[in-house]
Amino acid sequence: MSASIKPRLPKGFRDFLPETMLKRDYVINTIREVFHLYGFEPLQTPVLELRETLFGKYGEDAEQLIFEAQHGRSDKDPLAMRYDLTVPLARVVAQYENDIKLPFKRYQIAPVWRGERPQRGRYREFFQCDADIVGVANMSADAELISLTVAILRKLGFPAFTVKINNRKLLTGMGQYSGVPDEQLPDLYRSVDKFDKIGADGVKKELIERGISDDSVSRMVALLQTHGTGLESLDNIEDVMDRFPAAMEGIRELREMAQHMDNLGVSSEFYEFDFTTVRGLGYYTGPIFETILKGETIGSISGGGRYNDLIGMFRRESLPTTGVSLGIERIIDLMDDMKLYPAHISGTVVQVLVTIFGEETQSASTKLAAELRQAGINTELYMDDGKMKLGKQFTHADKKRIPLVATLGADEIAQGIVKIKRLSDGTEISATRAEAAAKIRELLG
RNA sequence: GUGGUUGUAGCUCAAUGGCAGAGUGACGGAUUGUGGUUCCGUUGGUUGCGGGUUCAAAUCCCGUCAGCCACCCCA
């Protein structure tokens, strides 16, 4: 052996050891079940796309964060690692036009790569979890995504959260109302988006620094703070905005959404219309939404919106599309902080450890393990090259948090029984080989 | 990309220019058919890496790498 290399990972990349993977799988499986419940179906696309597929879609700043990929002996097809799941979706929809039935409801849970500087809850490799509806122009699709988001977060056990809903058209109208020139709208949005973080005064200050007139800023900020519960806030803002067709269209869409959400049974405690919600991505064209946890400052745990023009980048005619993305990395961290994982998720998938007394009883233990597996019990058969010390085997079970230990020595074998001990409280019972699996289920509760 | 901060045993941390330590873990024993609790013992280190200052550096200085935090941006 030559001198070993120090084991390390590329910046912003992570390993997930089994204990962590069990939690991640729980979250992902729970989300997948709800996707199925709403009739979304899985899609998988490659990790690598052609460079030309990704470039020119995200804007100049974001483009610098795309990982490019090389193959040693060929530069014929420049490649890049996928940056999100939305552009690949757009490519798929355009590429398989004849095979895809509209409306197309797909979900995808997969890693994406961004060359950003890592921070808490922010990595260079992270999982995105997207559900999109392609081919539906009306607001029933957007409302269904809100219902889906609420159902997932409730199923995961989050006690208090709010989906904040706004509309890009309304933001456009607000820009017009306050007299901000079109080319400054992105700046305006960026500042408005920080409303929660820096407050009304902070936003005012930033807008003035960006060269927007005092008068415009005051009008804008007053408008943003329009409050009211549910539809009331829409009524309030409509009175002010009735001269701006874009804004009125946006308000109409939000009303339509509210109607659909009501029919879907989404309780109004889980959403609100918030005119300071912006979303960073430039391609949104209609309703936008993001979810925040009440009393947490970690940022949003889901986000999404309508992007009716994106698919047109790969296709002669675009298709109306709306989608939601769940921030599962943040969700997974928060589940830990808030202790939302069910008890059975922690530690191991193993339900029982079958111990081995010694060489002469090894075959009996092995057969027992086979029987238990046949009966559907997750079974670990102890393995060790050294002396089969029973204490060591119990220690192993304890460390791995395996709930039950089965022992059979010469005495038990002679009587045709097996002893099963529950480590949590020390309960130990005897069972015949035939009834062992049933007794194990009982002890597991 | 900009600014700040931290880096010492497997892990959590102490040692503020003068012998590198504790807790916890790991391993062994008390207990050769029973873990977790208790007691005894053993094991623990290129102080991230490279250079400099000094009689003397974990400690001060420079560089570098990595983590974290804030900004930018975003999930």
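FYI, side chains are in, hydrogens and waters are out, and symmetry mates aren't considered; it's all heavy atoms of this structure. Per chain, numbering begins at 1; letters A, B, ... match sequence-line order.
- Ring orientation note: the planes of A/H344 and A/Y26 are nearly perpendicular, at an angle over 60° on the 30°/60° scale.
- With both ends at atom P, the span from B/rG52 to B/rG45 equals 26 Å, rounded to whole Å.
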Polar atom pairs (N or O), protein with nucleotides 37-40 of chain B, under 3.5 Å:
none

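- Aromatic ring pairs are classed by plane angle as parallel below 30°, tilted from 30° to 60° and perpendicular above 60°; the pair A/Y283 and A/Y307 is tilted.
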Validation: residues 48-56 of chain A side-chain donor-acceptor distances under 3.5 Å, sequence neighbours left out:
unit_1: A/E49; atom_1: OE1; unit_2: A/R91; atom_2: NE; d: 2.7
unit_1: A/E49; atom_1: OE2; unit_2: A/R91; atom_2: NE; d: 3.3
unit_1: A/E49; atom_1: OE2; unit_2: A/R91; atom_2: NH2; d: 3.0
unit_1: A/R51; atom_1: NE; unit_2: A/E68; atom_2: OE1; d: 2.6

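- If A/S424 and A/K419 are placed on RNA chain B by their nearest nucleotide, the residue sitting closer to the 5' end is A/K419.
- Residue pairs meeting the salt bridge (Lys or Arg N to Asp or Glu O under 4.0 Å) criterion with at least one partner in residues 299-312 of chain A, sequence neighbours excluded, are A/D142-A/R306.
- A/D84 comes within 4.0 angstrom of no nucleic acid atom, judged by non-hydrogen atoms across all strands.
- Spacing between B/rG21 and B/rA58 at atom C1', rounded to whole Å, works out to 12 Å.
- Contacts of A/R315 classified as side chain to side chain contact (heavy atoms under 4.5 Å, CB included), with partners at least two apart in sequence or in another chain: A/A94, A/E97, A/I311, A/E317, A/L319.
- Aromatic ring orientation, A/F35 versus A/F40: tilted (interplanar angle from 30° to 60°).
- Remark: the A/E428 side chain and the B/rU34 base include a donor-acceptor N/O pair separated by less than 3.5 Å.
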Listing time: all N or O pairs from protein to nucleotides 70-75 of chain B that are below 3.5 Å?
unit_1: B/rA70; atom_1: OP2; unit_2: A/Q119; atom_2: OE1; d: 3.3
unit_1: B/rC71; atom_1: N4; unit_2: A/Q119; atom_2: NE2; d: 3.4
unit_1: B/rC72; atom_1: OP1; unit_2: A/K194; atom_2: NZ; d: 2.5
unit_1: B/rC72; atom_1: N4; unit_2: A/R122; atom_2: NH1; d: 2.8
unit_1: B/rC72; atom_1: N4; unit_2: A/R122; atom_2: NH2; d: 3.4
unit_1: B/rC73; atom_1: OP1; unit_2: A/R190; atom_2: NE; d: 2.9
unit_1: B/rC73; atom_1: O2; unit_2: A/E116; atom_2: OE2; d: 3.1
unit_1: B/rC73; atom_1: O2; unit_2: A/R122; atom_2: NH2; d: 2.6
unit_1: B/rC73; atom_1: N3; unit_2: A/R122; atom_2: NH1; d: 2.9
unit_1: B/rC74; atom_1: O2'; unit_2: A/R114; atom_2: NH1; d: 3.1
unit_1: B/rA75; atom_1: O2'; unit_2: A/R330; atom_2: NH1; d: 3.4
unit_1: B/rA75; atom_1: N6; unit_2: A/Y123; atom_2: N; d: 3.3
unit_1: B/rA75; atom_1: N6; unit_2: A/Y123; atom_2: O; d: 2.6
unit_1: B/rA75; atom_1: N1; unit_2: A/Y123; atom_2: N; d: 3.0

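- Ring to ring, A/F13 and A/Y123 are not that close: their centroids are 6.0 angstrom or more apart.
- Atom C1' of B/rU34 sits at a distance of 22 Å from the matching atom of B/rG25, rounded to the whole Å.
- The residues A/D425 and A/R422 are annotated as salt-bridged, a charged nitrogen and a carboxylate oxygen being separated by less than 4.0 angstrom.
- No cation-pi contact links A/R154 to A/F270, judged by a cut-off of 6.0 Å to the six-membered ring centre and 45° from its axis.
- Taking atom P on both nucleotides, B/rU42 is separated from B/rG23 by 13 Å, rounded to a whole Å.
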For nucleotides 24-30 of chain B, give me every protein contact, N/O to N/O, under 3.5 Å, one pair per line with atom names.
unit_1: B/rA26; atom_1: OP1; unit_2: A/K399; atom_2: NZ; d: 3.1

For RNA chain B, the dot-bracket notation using Watson-Crick and G-U wobble pairs below 3.5 Å, [ ] for pseudoknot-type crossings and | for other-strand pairs, is (((((((..((((....[..))))((((((.......))))))....(((((..]....))))))))))))....
Determine all donor-acceptor pairs shorter than 3.5 Å in which one atom belongs to a side chain in residues 404-418 of chain A; sequence neighbours excluded.
unit_1: A/E412; atom_1: OE1; unit_2: A/G409; atom_2: N; d: 2.8
unit_1: A/E412; atom_1: OE2; unit_2: A/K419; atom_2: NZ; d: 3.4

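- Across the protein-nucleic acid pair, A/L404 atom CG and B/rU34 atom C1' stand 14 Å apart, rounded to whole Å.
- With respect to A/L326, the side-chain contact (heavy atoms from CB on, under 4.5 Å) criterion is satisfied by exactly one of A/L156, A/I28, A/I31, A/I301: A/I31.
- RNA chain B lies under 4.0 Å from at least one heavy atom of each of the following residues of residues 9-32 of chain A: A/K11, A/G12.
- A gap of 11 Å separates the C1' atoms of B/rG44 and B/rC27, to the nearest Å.
- One P atom belongs to B/rC73, the other to B/rG17, and the distance between them is 43 Å to the nearest Å.
- Applying the side-chain hydrogen bond (donor to acceptor under 3.5 Å, both in side chains) criterion to A/S325, with sequence neighbours excluded, gives A/D130.
- Salt-bridge annotation for A/E125 and A/R14: absent, with no side-chain N of the basic residue lying under 4.0 Å from a carboxylate O of the acidic one.
- Checked for salt-bridge contact, A/K400 and A/E380 meet the test: a charged N lies under 4.0 Å from a carboxylate O.
- Every pair passing salt bridge (Lys or Arg N to Asp or Glu O under 4.0 Å) that includes a residue from residues 108-117 of chain A is listed here, sequence neighbours excluded: A/E116-A/R122.
- Here the separation of B/rA14 from B/rA22, taken at their C1' atoms, is 7 Å to the nearest Å.
- You'll find a donor-acceptor pair under 3.5 Å spanning the side chain of A/D398 and the base of B/rG35, going by distance alone.
- The separation between A/F394 atom CZ and B/rU34 atom C1' is 4 Å, rounded to whole Å.
- The side-chain hydrogen bond (donor to acceptor under 3.5 Å, both in side chains) pairs that include a residue from residues 348-375 of chain A are A/E371-A/R433, where partners are two or more places apart or lie in different chains.
- The same atom, P, is picked in B/rU47 and in B/rA9; the two are 10 Å apart, to the nearest Å.
- Shown are A/L381, A/L368, A/L390; of these, the side-chain contact (heavy atoms from CB on, under 4.5 Å) with A/I356 is made only by A/L381.
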